[in-house]
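So the structure is just underneath, and the comments pick up after that.
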Amino acid sequence: MVAMFFPSTNLHSWPTTAAEAIELQQEFRHRVKIENDFGELKTVAGIDVSYDIKADTSRAVIVLMKLDRLEPLQTIVTDAPTTFPYIPGLLSFREIPVILQALGHLATKPDLLMVDGQGIAHPRRLGIAAHLGVLVDMPSIGVAKSRLTGTYKEPGPATGDQSPLMDKGERIGTVLRSKPKTNVLFISPGHRMDIATATQLTLQCLRGYRLPEPTRIADKISKQRERRQQTLL
DNA sequence: GCGACAG
DNA sequence: ATCTTGTCGC
């Protein structure tokens with residue numbers, strides 16, 4: 001039995017072209033809710049996607065953990081053919097299919113999703129974290145390692161130092177120094193959450209590294225698997 | 001027309 | 001993201 005926690009996630013009319021994808025974003029951007037709408041948050045699922053260029057496949061890694069312990073409870077790894085090219089601003093159309101496949105294998109439904117990429121800090125306010133959050137109707141946060149859009153002042157050097165990420169006169173996220181002497185992170189809410197809460201939760205998931213634990217562990221597992229496969233070739 | 005551009 | 005070894009800095 002698969003996908004029992006995510007009943008309404010059919011990808012029948014998934015876009016094939018950039019034009020169709022942008023059209024869908026214009027429609028979905030209005031379904032994003034940037035207000036806290038959730039109960040007690042006990043667990044979080046870190047999500048990361050990697051690629052196998054030669055096999056033309058995408059791999060989603062999901063790490064489920066308790067928010068207070070930040071230690072893996074379950075890890076899911078699934079592969080699927082890569083069906084959409086990487087186009088800045090259209091990342092969700094490339095990665096969401098395999099992510100949904102992985103989510104379907106979780107033993108328990110997470111209370112929160114933390115995705116490697118932008119939330120509303122996107123040209124059309126529908127980065128991958130926001131898009132995914134709307135599709136599965138769950139609270140989500142986007143944690144990106146670099147900027148897609150928006151302007152900001154460089155945050156101070158200490159952990160926790162931050163500055164607002166602005167675009168077209170509105171605040172779309174937080175630029176955060178998650179660790180001294182490392183590049184900043186770009187935090188933005190994905191769905192059912194406000195900017196301050198997304199930032200606070202990200203800080204709560206830090207454990208001395210630049211990336212918050214959910215995303216950091218998912219990324220680590222993603223790379224371990226790749227090395228194992230490569231050494232077998 | 002010229003830069004910018006998540007992963 | 002991925003291709004790739006050693007190397008500078010804390």
Side-chain angles (χ1 to χ4, degrees), chain A residues 15 18 21-22 25 28-29 32 46-63 77-102 113-134 140-152 157-159 165-168 172-191 195 198 202 208-212 214-216 218-231 233:
Chain A
I22 292 174
Q25 291 182 323
F28 274 61
R29 61 181 301 174
V32 178
I47 302 174
D48 183 57
V49 174
S50 58
Y51 304 90
D52 182 322
I53 301 298
K54 303 194 66 175
D56 198 34
T57 56
S58 300
R59 165 166 295 164
V61 174
I62 298 182
V63 175
V77 180
T78 66
D79 294 307
T82 301
T83 62
F84 201 91
Y86 170 68
I87 300 174
L90 302 181
L91 179 66
S92 66
F93 299 96
R94 180 177 173 80
E95 304 193 339
I96 280 183
V98 69
I99 288 176
L100 289 178
Q101 178 180 305
L113 301 179
M114 188 170 278
V115 188
D116 190 334
Q118 315 290 346
I120 60 170
H122 177 281
R124 291 170 291 284
R125 306 293 181 262
L126 197 77
I128 186 169
H131 194 169
L132 180 63
V134 168
S140 63
I141 299 175
V143 178
K145 298 181 293 300
S146 62
R147 184 197 74 98
L148 172 60
T149 192
T151 59
Y152 63 96
T159 297
L165 178 60
M166 305 293 292
D167 189 41
K168 299 176 180 176
I172 57 176
T174 299
V175 181
L176 177 71
R177 183 78 63 192
S178 55
K179 177 182 179 179
K181 300 182 178 181
T182 65
N183 292 154
V184 296
L185 291 183
F186 297 78
I187 312 301
S188 59
H191 187 48
I195 296 176
T202 297
Y209 295 90
R210 178 163 86 119
L211 296 179
T215 294
R216 189 179 77 81
D219 181 69
K220 174 193 288 183
I221 292 174
S222 172
K223 289 176 178 174
Q224 291 180 337
R225 286 272 184 149
E226 274 174 24
R227 285 176 186 170
R228 285 180 189 175
Q229 289 200 330
Q230 292 186 335
T231 54
L233 295 178

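Naming convention: chains lettered A, B, ... in sequence-line order (proteins, then strands); numbering from 1 in each chain.
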### Query
Separation of A/Asn183 atom CG from C/dC10 atom P, in whole Å?
16 Å

### Query
Run the side-chain contact (heavy atoms from CB on, under 4.5 Å) check on A/Val115 and A/Val143 step by step: do they pass?
CA-CA 6 Å; A/Val115 188; A/Val143 178; over 6 Å; no

### Query
Quick one: A/Phe186 CZ to B/dG7 P, roughly how many Å, whole number?
9 Å

### Query
Have A/Tyr51 and A/Glu95 got a donor and an acceptor in their side chains that come within less than 3.5 Å?
yes

#### Entry: Nucleotide nearest A/Arg147 when distance is taken to its side chain, options C/dC10, B/dC5, B/dG7
B/dC5

#### Entry: Closest non-hydrogen atom pair, A/Arg94 against A/Phe84
NH1-O, 2.6 Å

### Message
Looking at B/dG7 and A/Tyr86: do their rings stack (centroid distance under 5.5 Å, interplanar angle under 30°)?
### Response
yes

### Task
Report which part of the nucleic acid A/Leu185 touches: base, sugar-phosphate, or nothing (heavy-atom distance under 4.0 Å, all strands).
nothing

#### Entry: Spatial distance of atom CD1 (A/Ile99) from atom CG (A/Asp116) [nearest 0.5 Å]
9.0 Å

### Length of the line joining A/Asp116:CG and C/dA1:P, which is rounded to integer Å
7 Å

### Query
Under 4.0 Å: is that the gap between some side-chain N or O of A/Thr149 and OP1 or OP2 of B/dA4?
no

### Message
Using modelled atom types and a 3.5 Å cut-off, is there a donor and acceptor pairing between side-chain atoms of A/His122 and backbone atoms of A/Gly89?
### Response
yes

### Task
Can you tell me the distance, in whole Å, between the CG atom of A/Leu211 and the P atom of B/dA6?
16 Å

### Query
Think A/Lys145 has a side-chain N or O under 4.0 angstrom from the OP1 or OP2 of B/dA6?
no

### Task
Among the candidates C/dA1, B/dA6, C/dC10, find the nucleotide nearest to the side-chain atoms of A/Lys181.
C/dC10

### Message
How many whole angstroms separate atom CD of A/Gln118 from atom P of B/dC5?
### Response
11 Å

### Task
Ignoring the backbone of A/Arg94, work out which of B/dG7, C/dT2, B/dA6 is nearest its side chain.
B/dG7

### Query
When the distance from CZ of A/Phe93 to P of C/dA1 is rounded to whole Å, what number comes out?
21 Å

### Task
Please work out if A/Gly142 contacts a base, only the sugar-phosphate, or nothing of the nucleic acid, heavy-atom cut-off 4.0 Å.
nothing

## Note on the structure
A/His131 NE2 to B/dA6 C1', in whole Å, measures 15 Å

### Summary
Whole-Å distance, A/Ile87 CD1 to B/dA6 P, equals 13 Å

